[in-house]
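So that the names make sense, note that chain A is the first sequence line, chain B the second, and so on, each numbered from 1.
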Amino acid sequence: MKEITAVIQPVRLGPVREALSLVGVTGMTISEARGFGSQGGSVDTYRGVEYRVDYVPKIKLEIVVSEAFVDPTVDAIIEAARTGTLGDGKIWIKEVSTVIRVRTGEKDEVALN
Amino acid sequence: MKEITAVIQPVRLGPVREALSLVGVTGMTISEARGFGSQGGSVDTYRGVEYRVDYVPKIKLEIVVSEAFVDPTVDAIIEAARTGTLGDGKIWIKEVSTVIRVRTGEKDEVALN
Amino acid sequence: MKEITAVIQPVRLGPVREALSLVGVTGMTISEARGFGSQGGSVDTYRGVEYRVDYVPKIKLEIVVSEAFVDPTVDAIIEAARTGTLGDGKIWIKEVSTVIRVRTGEKDEVALN
Amino acid sequence: MEYNPIYLDIVWVLFATALVFLMQAGFAMLEAGATRAKNAANIIMKNVMDVSIGSLVFWMVGFGFMFGANKSGWIGTSNFFLSDIDPATDSGMFDFAFFIFQTVFAATAATIISGAVSERTKFAAYLIYTVAVTAFIYPIFGSWVWGGGWLSELGDNGFMDFAGSTVVHSVGGWAALAGAIVVGPRLGKYTAGKSPVAIPGHSITLAALGVFILWFGWFGFNAGSTVSGNTGLIAIIAVTTNLAAAAGGVAALTLSYLLWKRFDASMTLNGVIGGLVAITAGTANMSPAMAALTGLIGGMVVVGAIVLLDRKLKVDDPVGAIAVHGFAGAWGTIAVGLFASATYGGVDGLFFGGGVGQLLVQLTGVAAAFLFVFSTSFIVFKVIDMTIGMRASDEDQIRGLDISEHQAAGYPDFAPAIPLVSYSTPVLSGAAVPSGAAIDETIES
Amino acid sequence: MEYNPIYLDIVWVLFATALVFLMQAGFAMLEAGATRAKNAANIIMKNVMDVSIGSLVFWMVGFGFMFGANKSGWIGTSNFFLSDIDPATDSGMFDFAFFIFQTVFAATAATIISGAVSERTKFAAYLIYTVAVTAFIYPIFGSWVWGGGWLSELGDNGFMDFAGSTVVHSVGGWAALAGAIVVGPRLGKYTAGKSPVAIPGHSITLAALGVFILWFGWFGFNAGSTVSGNTGLIAIIAVTTNLAAAAGGVAALTLSYLLWKRFDASMTLNGVIGGLVAITAGTANMSPAMAALTGLIGGMVVVGAIVLLDRKLKVDDPVGAIAVHGFAGAWGTIAVGLFASATYGGVDGLFFGGGVGQLLVQLTGVAAAFLFVFSTSFIVFKVIDMTIGMRASDEDQIRGLDISEHQAAGYPDFAPAIPLVSYSTPVLSGAAVPSGAAIDETIES
Amino acid sequence: MEYNPIYLDIVWVLFATALVFLMQAGFAMLEAGATRAKNAANIIMKNVMDVSIGSLVFWMVGFGFMFGANKSGWIGTSNFFLSDIDPATDSGMFDFAFFIFQTVFAATAATIISGAVSERTKFAAYLIYTVAVTAFIYPIFGSWVWGGGWLSELGDNGFMDFAGSTVVHSVGGWAALAGAIVVGPRLGKYTAGKSPVAIPGHSITLAALGVFILWFGWFGFNAGSTVSGNTGLIAIIAVTTNLAAAAGGVAALTLSYLLWKRFDASMTLNGVIGGLVAITAGTANMSPAMAALTGLIGGMVVVGAIVLLDRKLKVDDPVGAIAVHGFAGAWGTIAVGLFASATYGGVDGLFFGGGVGQLLVQLTGVAAAFLFVFSTSFIVFKVIDMTIGMRASDEDQIRGLDISEHQAAGYPDFAPAIPLVSYSTPVLSGAAVPSGAAIDETIES
Ligand SMILES: Nc1ncnc2c1ncn2[C@@H]1O[C@H](COP(=O)(O)OP(=O)(O)O)[C@@H](O)[C@H]1O
Ligand SMILES: Nc1ncnc2c1ncn2[C@@H]1O[C@H](COP(=O)(O)OP(=O)(O)O)[C@@H](O)[C@H]1O
Ligand SMILES: Nc1ncnc2c1ncn2[C@@H]1O[C@H](COP(=O)(O)OP(=O)(O)O)[C@@H](O)[C@H]1O
């Protein structure tokens with residue numbers, strides 16, 4: 001199984017979730033994050049003093065999937081999250097050795113359905 | 001060493017932390033998260049228009065442990081976090097190659113005590 | 001490629017980001033976290049009843065880097081984040097199999113520049 | 001010292017002025033609370049600036065157009081910059097008191113609009129409109145009713161609008177309607193299938209604070225409209241005002257519970273204001289019981305109008321200003337023709353044996369307000385839209401107007417990145433759930 | 001125009017009415033700020049509805065029970081729906097002013113209760129209780145003191161409660177006590193070992209805003225209780241009110257610093273209100289110095305009562321309403337028997353040579369309030385509990401009443417998922433730290 | 001009943017007192033909103049305690065020093081604890097009203113300081129200073145102007161400061177300046193290269209609420225300063241007050257837009273207060289047009305002074321109190337010498353043909369205020385600093401004063417860990433961007 005981490009624009013969360021549902025992903029965990037990268041932040045002002053806000057609001061998705069789902073999941077995210085502008089985000093994939101569903105104690109693939 | 005990620009119901013955080021202390025886990029990092037899964041969200045209303053809140057509040061725990069601690073840790077979490085209702089959460093485990101304590105520069109197992 | 005997770009004191013975020021820029025890290029994702037560890041929390045009072053705040057505010061950094069960057073990145077973080085007091089945080093490293101830039105679909109090392 | 005009743009009059013008018021002034025804080029909190037955190041700085045800047053600009057403009061020209069010598073019956077033409085007021089006399093001083101009371105009324109009419117066009121209107125465009133409403137639109141209509149103009153001459157008693165259900169509230173409400181139509185709904189407010197999407201505000205506590213402050217201010221708004229403290233009328237006005245507000249809140253809560261089986265906080269808050277707006281016209285002409293009834297129906301009108309605007313007319317009004325001020329204001333003005341009782345203010349309405357005469361006058365005034373204000377406001381907004389543009393870009397709406405218009409977040413220390421509410425999946429009772437793709441189109445593009 | 005003092009009376013009463021009305025905003029902000037974010041919409045809905053329902057019910061029946069013709073000395077029996085007021089006369093108008101002033105008083109008594117039962121009471125249950133308190137409990141007790149009833153006949157001067165330390169505040173406080181007992185403590189408030197757990201509120205700024213608004217409103221509450229502007233008494237009342245509030249704040253800060261070595265913000269805010277509640281009875285009968293002393297002790301009473309209720313009696317009062325209104329109200333009423341001075345209001349208390357007579361009358365009134373209000377409220381709450389149920393389920397309390405009762409979060413844009421404060425590990429000074437398992441049981445099950 | 005004008009005077013003074021009292025809520029919200037969430041409890045505690053302590057201390061000694069018998073012209077020496085007031089007479093009652101009005105004025109002067117020293121001053125140190133300012137510094141300077149002292153005797157008309165641009169606001173502002181200098185800038189406010197770093201406040205909505213409440217309160221502050229309701233003057237005062245506020249807001253918005261091409265919310269809010277502070281001295285002596293001009297310039301003075309203090313003088317004033325109260329107060333006092341018009345208050349300023357006489361008197365008073373208040377405050381703050389210490393440690397500032405001084409967070413339910421704004425990278429227009437290392441040193445060490 002793999003864990004797919006995706007950092008996306010907050011406004012793309014809706015479409016990404018819809019796209020994931022279509023490819024059969026049934027669960028995920030999301031959290032607020034702030035990104036630093038080529039997109040750059042904004043320059044704000046407070047009483048005449050400017051300051052740079054370096055970190056751009058992002059949403060981080062963590063999705064654990066079985067091997068067979070990795071490619072469709074990644075493709076679905078890319079398609080739904082892409083706007084073509086700087087800051088659309090990154091996806092990265094790591095190996096997961098075990099998954100457990102707390103409620104039932106089921107393990108691995110079974111825990112993911 | 002392993003990283004154990006656990007997504008649990010916010011209200012179980014207290015018991016989980018107590019349980020972890022009992023099995024000897026001395027550190028962890030937690031963060032707010034929102035979960036999407038079989039639990040489903042709620043249907044709220046705002047001036048007569050209903051809307052679905054898809055994401056359910058969750059707490060995410062990240063705990064880095066040495067091999068010997070993996071099973072006791074996972075068992076402790078499951079026991080303390082389980083309520084038996086939909087949405088109790090998931091636990092998943094990944095391999096960690098290096099751990100460093102910032103304060104001292106200590107590495108790996110030593111960094112975890 | 002590797003994913004470096006670093007949990008640091010919030011007030012060290014500025015210096016860490018500067019230090020990372022100097023070693024050439026161009027992107028990262030940060031999020032709010034709360035830490036539990038040897039640092040301990042504070043004991044607050046509310047209308048005469050004391051309560052312990054167990055979790056200390058922390059910032060979590062997630063940085064995906066190619067192998068060559070792992071050591072400079074870790075060293076930069078340690079140096080900039082260290083204050084020498086309890087609670088300076090932990091760094092841990094995991095293997096990443098694939099990285100994709102959403103905007104372009106570029107993969108792996110290329111996606112990281 | 002000899003007794004001069006004018007001093008108690010001035011004291012009373014200034015007391016009322018202060019209370020009405022504080023309604024600006026009420027509107028600011030209600031509007032900010034009922035919209036998203038990312039637009040909070042923009043909302044409060046609109047509120048601060050409409051009272052600032054409005055105060056200056058009304059002093060320069062608005063007051064003259066409204067209360068200056070009015071030969072035609074259509075507009076006043078003197079007393080600009082208060083040039084007719086003599087500061088050497090006590091009656092001149094009373095005139096200053098009257099002027100400042102009218103100033104805060106004008107500012108109220110102006111600020112009503114800010115809520116309805118919030119979260120997607122450019123700041124500069126809003127400032128220009130504020131000038132138009134406080135310099136011309138509000139004063140001209142006002143002169144017809146309170147400045148001795150043609151509406152004040154209709155029928156036996158003239159058009160009756162004691163404290164401004166129509167003159168202030170409907171005027172604000174219909175201008176808000178024009179603005180909301182011209183600027184269009186917020187990005188993401190309607191799905192491609194045109195179903196409304198709920199976009200809850202960011203703080204119910206601030207919204208409730210705003211409502212309590214408005215209710216407080218309304219004691220000054222209505223009872224101050226006697227512009228005299230030497231009259232017992234102010235007591236019955238306070239009674240009718242409070243009962244109508246209470247009844248409006250109860251009605252909105254009950255009706256929304258019957259419709260949706262929920263104790264809807266936002267509707268209840270709007271219902272209270274609806275009750276207050278409704279009683280404003282007849283506050284000095286009704287018995288307590290009729291006032292409660294007027295407020296009760298006012299609260300229901302608000303619920304109905306919100307649903308009508310949101311679902312049928314597809315007019316996006318984030319705070320409910322059009323329903324509350326436009327519709328409930330019209331209802332309250334009509335109610336005078338129905339429920340007025342000679343025992344209280346000398347005039348009988350239809351249900352108290354006064355016939356339909358006054359009712360027809362009331363309907364005429366309500367219609368005149370709608371036609372004049374909606375059309376002139378629509379033109380002004382359209383002209384602004386075609387020149388500097390009314391609507392913030394989609395990208396700016398996504399980032400929030402705080403950053404895009406003011407380069408500074410309203411809550412720099414607390415800025416949620418996750419829209420915790422998933423605006424993209426409305427579950428409409430009885431409506432088909434729109435497909436994901438359809439929503440996507442509307443919201444993101 | 002001839003001079004008629006009634007106009008200044010009406011102006012004064014309406015001024016005071018508006019200020020007392022705004023205390024609703026004060027209570028709403030204080031209560032919302034002192035409770036958790038997940039219950040904010042519920043709290044403010046309770047506040048909006050108790051003033052709305054209270055205004056209507058008090059108009060229908062409450063005012064008649066309280067101030068109607070009272071032959072028995074136990075209850076008024078006329079003037080329902082204000083049927084005895086003649087709108088044609090100035091004195092009828094004054095009666096309207098008196099009525100609206102009394103209405104906002106009744107609403108104050110009602111709203112006190114909402115804080116004490118907050119975060120775990122069903123909304124419908126609360127609404128029913130609001131009807132009971134504004135229709136019967138408050139008016140009946142009120143009739144004994146202010147409606148010419150038996151307490152007003154006791155001793156030489158009758159039971160003295162100028163602006164309602166007992167009639168309004170203790171009545172609210174003892175009803176709150178009954179409610180808090182019947183509904184039980186919030187989920188997680190006590191460990192299995194019955195140690196109290198601190199559950200801090202979500203916004204100290206809103207709580208402080210509430211306290212400042214209450215302090216402001218109290219100038220109307222106390223000085224308005226002359227129901228006349230034609231008296232210099234209102235000036236000394238304003239002085240004693242302010243000094244008592246100040247002294248209450250200083251006392252609570254100092255005492256809590258002595259006890260716990262902390263500058264406790266929440267206690268200080270409660271201390272200010274305690275000072276205000278305490279001076280309310282004797283505000284027109286004491287020297288400034290005695291007023292300061294009454295407030296000082298009032299602030300200390302609040303600290304003591306909070307500890308007593310929270311630790312010994314295990315009564316969970318999230319906002320401190322019982323301590324502040326019940327206990328400090330009782331203290332302030334007794335203080336009249338001790339500190340009243342004939343120089344100020346014609347009556348001497350024990351310390352000014354008046355003997356124990358008045359003190360005994362004061363104690364009788366305080367006891368009567370407790371017995372009548374606590375017992376009737378307890379019965380009403382019990383009946384509600386046995387029929388529709390008072391207490392929200394554990395699951396609903398965990399999710400928060402905003403979602404469970406109103407299907408809408410108070411802060412949809414900012415909803416913290418992590419309870420950043422770990423409610424499960426109280427560190428009680430001098431008490432054993434309870435074991436994890438024990439807490440778990442109480443909080444989660 | 002015979003007519004006695006004193007009752008209307010008392011009613012008016014108490015009305016004004018209540019409004020001025022509420023300014024405490026305004027300051028609390030403005031200051032809390034303009035600073036970071038982690039210091040919110042500390043800010044509001046300072047505000048609650050300065051009015052509490054100030055009320056007590058001013059009653060004990062301050063009022064006597066300010067308004068007691070003043071033979072020397074330099075300080076009053078009687079009426080401590082109000083010992084000269086006779087409660088048996090109506091005029092004694094008026095004296096109580098006068099006293100309570102002056103109390104809330106003193107509390108205003110005290111609370112101004114809390115904002116300027118916020119986010120890094122120890123709570124105990126602040127309390128001590130509050131005693132000094134309300135017992136001595138404010139009353140002594142006040143006695144020179146309003147207590148029949150030497151400034152009131154200068155020139156033909158004495159130093160003219162109708163409602164306290166200097167007596168209250170500049171006194172507060174210059175004390176704030178001394179405090180801000182002694183305590184030093186907040187950790188991280190200046191880079192090693194001494195460039196200012198922007199540290200935005202945590203809630204623009206609370207800040208705006210504060211400004212609206214202050215504007216509301218100012219109607220009482222200025223118009224109440226007649227200490228009589230039997231005068232038409234209160235009407236023109238309300239007019240000039242409102243126009244100046246409006247003009248101040250417009251000026252600050254416009255000027256900051258010209259300078260930085262941004263609709264700066266925080267500057268605009270400060271500009272409104274600047275307009276109000278500026279008109280306070282001349283509110284009863286100017287035409288509406290001159291009042292608007294005074295406010296307009298007041299708004300610009302605020303913008304200029306903020307930039308001056310922040311960038312050139314390196315004085316860290318988180319809420320802009322020094323610019324708003326010190327500088328705009330001085331400007332407004334001088335403006336009386338320029339714009340006063342005999343038509344309004346009997347005295348002509350320079351531009352109305354009155355010559356430079358009054359202007360010189362005004363300048364003398366402004367200078368006296370600065371010299372006396374700045375030097376005495378500086379000494380008091382220095383003594384506090386050398387004994388118990390003024391400044392919270394760097395570590396305490398990082399954690400926030402809520403935890404370090406009060407052991408309780410202001411927002412326990414919502415506590416952001418990430419400083420979402422990156423305070424460490426100021427982008428100064430026209431200034432070199434300082435290097436990371438340099439900033440690091442200042443901020444973190
Ligand atoms: N090396 C990295 N490790 C972790 N997250 C990264 C990294 N680089 C970028 N990110 C995340 O991806 C987001 C988008 O990256 P950015 O470089 O701004 O745009 P793009 O990916 O379109 O080139 C960043 O805001 C950050 O959250
Ligand atoms: N595939 C997944 N990847 C990551 N997190 C998941 C995944 N599936 C579920 N979760 C997390 O676990 C939580 C509980 O899952 P859910 O399916 O609702 O209930 P249960 O695990 O009891 O069947 C979700 O809210 C989500 O946070
Ligand atoms: N085993 C662990 N797994 C994950 N995070 C940890 C672990 N131990 C500590 N941490 C994180 O590191 C932070 C600092 O650890 P702590 O033990 O308090 O101090 P130090 O690392 O200086 O000894 C904690 O607050 C927590 O966020």
In terms of heavy-atom pairs under 4.5 Å, which option from [options] contacts chain D the most?
{"options": "Ala223(F), Ala289(F), Ser228(F)", "answer": "Ala289(F)"}
{"options": "Asn242(F), Leu233(F), Val11(F)", "answer": "Asn242(F)"}
{"options": "Val211(F), Thr205(F), Val272(F)", "answer": "Thr205(F)"}
{"options": "Thr343(F), Thr268(F), Leu243(F)", "answer": "Leu243(F)"}
{"options": "Gly232(F), Gly275(F), Gly248(F)", "answer": "Gly232(F)"}
{"options": "Gly220(F), Ala245(F), Ala207(F), Ser203(F)", "answer": "Ser203(F)"}

Worksheet item: How are the rings of Trp215(F) and Phe212(F) set relative to one another: parallel (under 30°), tilted (30 to 60°) or perpendicular (over 60°)?
Response: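 Taking Phe212(F) first and then Trp215(F), their aromatic rings lie parallel (interplane angle under 30°).
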
For chain F, which candidate among [options] shows the most heavy-atom pairs at distances under 4.5 Å?
{"options": "Asn4(D), Leu206(D), Ile44(D), Asn47(D)", "result": "Ile44(D)"}
{"options": "Met29(D), His406(D), Met45(D)", "result": "Met45(D)"}
{"options": "Asp9(D), Val48(D), Leu209(D), Leu82(D)", "result": "Val48(D)"}

Can you tell which part of [X] gets under 4.5 Å to a heavy atom of chain F, answering side chain, backbone, both or neither?
{"X": "Ile85(D)", "answer": "neither"}
{"X": "Phe99(D)", "answer": "side chain"}
{"X": "Ile213(D)", "answer": "side chain"}
{"X": "Ile43(D)", "answer": "neither"}
{"X": "Asp402(D)", "answer": "neither"}
{"X": "Ala408(D)", "answer": "neither"}
{"X": "Ala28(D)", "answer": "side chain"}
{"X": "Thr103(D)", "answer": "side chain"}
{"X": "Leu8(D)", "answer": "both"}

How long is the straight-line distance from [atom2] of [Y] back to [atom1] of [X], given to the nearest 0.5 Å?
{"X": "Ser55(D)", "Y": "Gln24(D)", "atom1": "OG", "atom2": "CD", "answer": "8.0 Å"}
{"X": "Ile237(F)", "Y": "Met286(F)", "atom1": "CD1", "atom2": "CE", "answer": "12.0 Å"}
{"X": "Arg120(D)", "Y": "Ser393(D)", "atom1": "CZ", "atom2": "OG", "answer": "14.5 Å"}
{"X": "Phe27(D)", "Y": "Ile112(D)", "atom1": "CZ", "atom2": "CD1", "answer": "5.0 Å"}
{"X": "Ile236(F)", "Y": "Asn222(F)", "atom1": "CD1", "atom2": "CG", "answer": "12.0 Å"}

What part of [X] lies closer than 4.5 angstrom to a heavy atom of chain D: side chain, backbone, both or neither?
{"X": "Trp218(F)", "value": "neither"}
{"X": "Leu253(F)", "value": "side chain"}
{"X": "Ala292(F)", "value": "side chain"}
{"X": "Val239(F)", "value": "both"}
{"X": "Leu19(F)", "value": "side chain"}
{"X": "Ile234(F)", "value": "both"}

Worksheet entry | Residues Met23(D), Val104(D); criterion side chain to side chain contact (heavy atoms under 4.5 Å, CB included); working and verdict | CA-CA 9 Å; Met23(D) 290 172 69; Val104(D) 289; over 6 Å; no

Would you please indicate yes or no on a ring centroid separation below 6.0 angstrom for [Y] and [X]?
{"X": "Phe80(D)", "Y": "Phe65(D)", "answer": "yes"}
{"X": "Tyr138(D)", "Y": "Phe105(D)", "answer": "no"}
{"X": "Phe216(F)", "Y": "Phe21(D)", "answer": "no"}

Discussion item. So does Ala340(F) get a backbone contact from the side chain of Asn285(F), meaning a donor-acceptor N/O pair under 3.5 Å?
Written reply: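 Not a single qualifying donor-acceptor pair exists.
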
Worksheet item: Is Lys261(F) close enough and on-axis enough to Tyr257(F), meaning under 6.0 Å and within 45°, for cation-pi?
Response: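 Verdict for Tyr257(F): a cation-pi partner in Lys261(F).
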
Worksheet entry | Salt-bridge present (Lys122(D), Glu405(D); N to O < 4.0 Å) |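 Looking at Glu405(D) together with Lys122(D), the answer is no, because their closest N to O distance does not fall below 4.0 Å.
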
Worksheet item: Going through the checks in order, is the side chain to side chain contact (heavy atoms under 4.5 Å, CB included) test met by Phe98(D) and Phe63(D)?
Response: CA-CA 10 Å; Phe98(D) 181 77; Phe63(D) 187 67; 3.9 Å; yes

